[in-house]
Amino acid sequence: MSIFSKIVTAIRGGASEAGQAVVDANAIRIFEQEIRDSKNAIEKGKRDLTGIMADKMKEDRKVTELSADITQYEQKALQLMEKGDDTLALEVAEKISEIENELAIHKNASSVFETKIASLKELMKKAERTIRDHERELNMVKTTESVQKAQSSISKNYGSGIGKLGDAKESLNRIKAKQQEREDRMKAAEQLDSENGAGTLNEKLAAAGVGEKSNGGNDVMARLKAKAAGNK
Amino acid sequence: MSQLENIAEEISAMDEGQRGGMDFDFQPIPGDQEVMQVIIEGREELPIFLAEADSQLLCICYLFSEDEVQADKRSEMTDLMLDMNMPMPLSSFGKTEIGDGKHMYVVFGALSLKSTAADVVLEISTLSANAIDAIEALSEYLA
């Protein structure tokens, strides 16, 4: 059964208070052991992988070398055949055959190493997944326990229980009343500000038709005309 | 100093703008598990609790007790809560036992332990606003 299901069962059974284990300690120990095993497997896997990859590189290098040798001997054999020296050509051909046998061995070794590398990588991936998975599940257990403990601290601190805190509706009303009061105060302050400010006097004067407020182009024209008449 | 105390100190040292114009009061709560109570000025009735739980930082705000819900409308309300979980920014609805078989509905958020003080401020202020909106929106289910 997954840890998730175990926690569901425990909570349905009412084990949601502090001190009540949601998952038995043995299961947790097994999980932790499996995480440690997987981590060790990955460490060992990394070391093995380095070794095998080096071995494969060695084989691959040998394959390249031998292939080059074969090409060279083949050219030589062809030259000898052109010259009609079939005896020596046969000797070279035998040498080529020998190298080809050796080449096959190294090619085979390389492919064996390649398979090993692939399966080692797959094994490490699996171990990583196990770790991730187990850690997530352990996390769930530990979080459940932490929440229970936190809950118990909060409840104790609030005496007969956090439930005392609210009647939720009443709390909401009180918060809203406070918010309203704050807004009212801010509005009042704004009003006071604007009443005391210089802006209002000008606004009042303008409203009364007195003051600096321009009444448009006609006013300006009239003023300019008056000025022009005065200058004459 | 614990992680929670660090966060509390950092937030207290922030300027008004960084705190989103909110004033926070932090109060550690004694017990087996470290819990930090956060009170937002003007919202004293809805404190928020921060608790470090293994790999995450839980922020919890209690909404109302199961007793406060009209019994015949409870499943309709919890269904609605599930529907609302995804649209609700940063927080989720939950339910928790507070002892003596008494259960409370909560809104909560879970943060990484690597969260910055600014992340926590955003979480707390969003959680508080979500809690107020939730009680208001769900008040028709309350007795």
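Order of the sequence lines sets the chain letters (A, B, ...), proteins ahead of strands, with each chain counted from 1.
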Note: Lys169(A) and Leu142(B) closest approach over all heavy atoms is NZ-O, 3.4 Å
Of all heavy-atom pairs linking Glu68(B) and Asp167(A), the shortest is OE1-CA, 3.4 Å
Contacts of Ser67(A) meeting side chain to side chain contact (heavy atoms under 4.5 Å, CB included) (sequence neighbours excluded), chain-then-number -> Val63(A), Leu103(A)
Hits for side chain to side chain contact (heavy atoms under 4.5 Å, CB included) against Asp24(A), two or more places apart or cross-chain, chain-then-number order -> Asn26(A), Ala27(A)
In terms of heavy-atom pairs under 4.5 Å with chain B, the winner among Glu170(A), Glu135(A), Lys142(A) is Lys142(A)
Counting heavy-atom pairs under 4.5 Å with chain B, the top scorer among Asn139(A), Val147(A), Asn173(A), Leu138(A) is Asn139(A)
Tell me whether the count of non-hydrogen atoms from other residues, nucleotides or ligands lying under 6.0 Å of [atom1] in [X] goes above 12.
X	atom1	answer
Met14(B)	CE	yes
Lys107(A)	NZ	no
Met53(A)	CE	no

In a table with atom names and distances, give each donor-acceptor pair under 3.5 Å that connects a side chain of residues 113-131 of chain A to protein atoms at least two apart or in another chain.
residue: Thr115(A); atom: OG1; partner: Ser111(A); partner atom: O; Å: 2.8
residue: Ser119(A); atom: OG; partner: Lys116(A); partner atom: O; Å: 3.1
residue: Thr130(A); atom: OG1; partner: Lys126(A); partner atom: O; Å: 2.8

The interface call for Ala143(B) against chain A, heavy-atom contacts under 4.5 Å, is backbone
Whatever's closer than 4.5 Å to a heavy atom in chain A on Ile135(B) counts as both
Within residues 22-43 of chain B, contacts to chain A at heavy-atom distances under 4.5 Å involve Ile29(B), Pro30(B), Gly31(B), Asp32(B), Gln33(B), Val35(B), Gln37(B), Glu41(B), Gly42(B), Arg43(B)
Interatomic distance, CD@Glu136(B) vs CG@Leu172(A), rounded to 0.5 Å, equals 5.5 Å
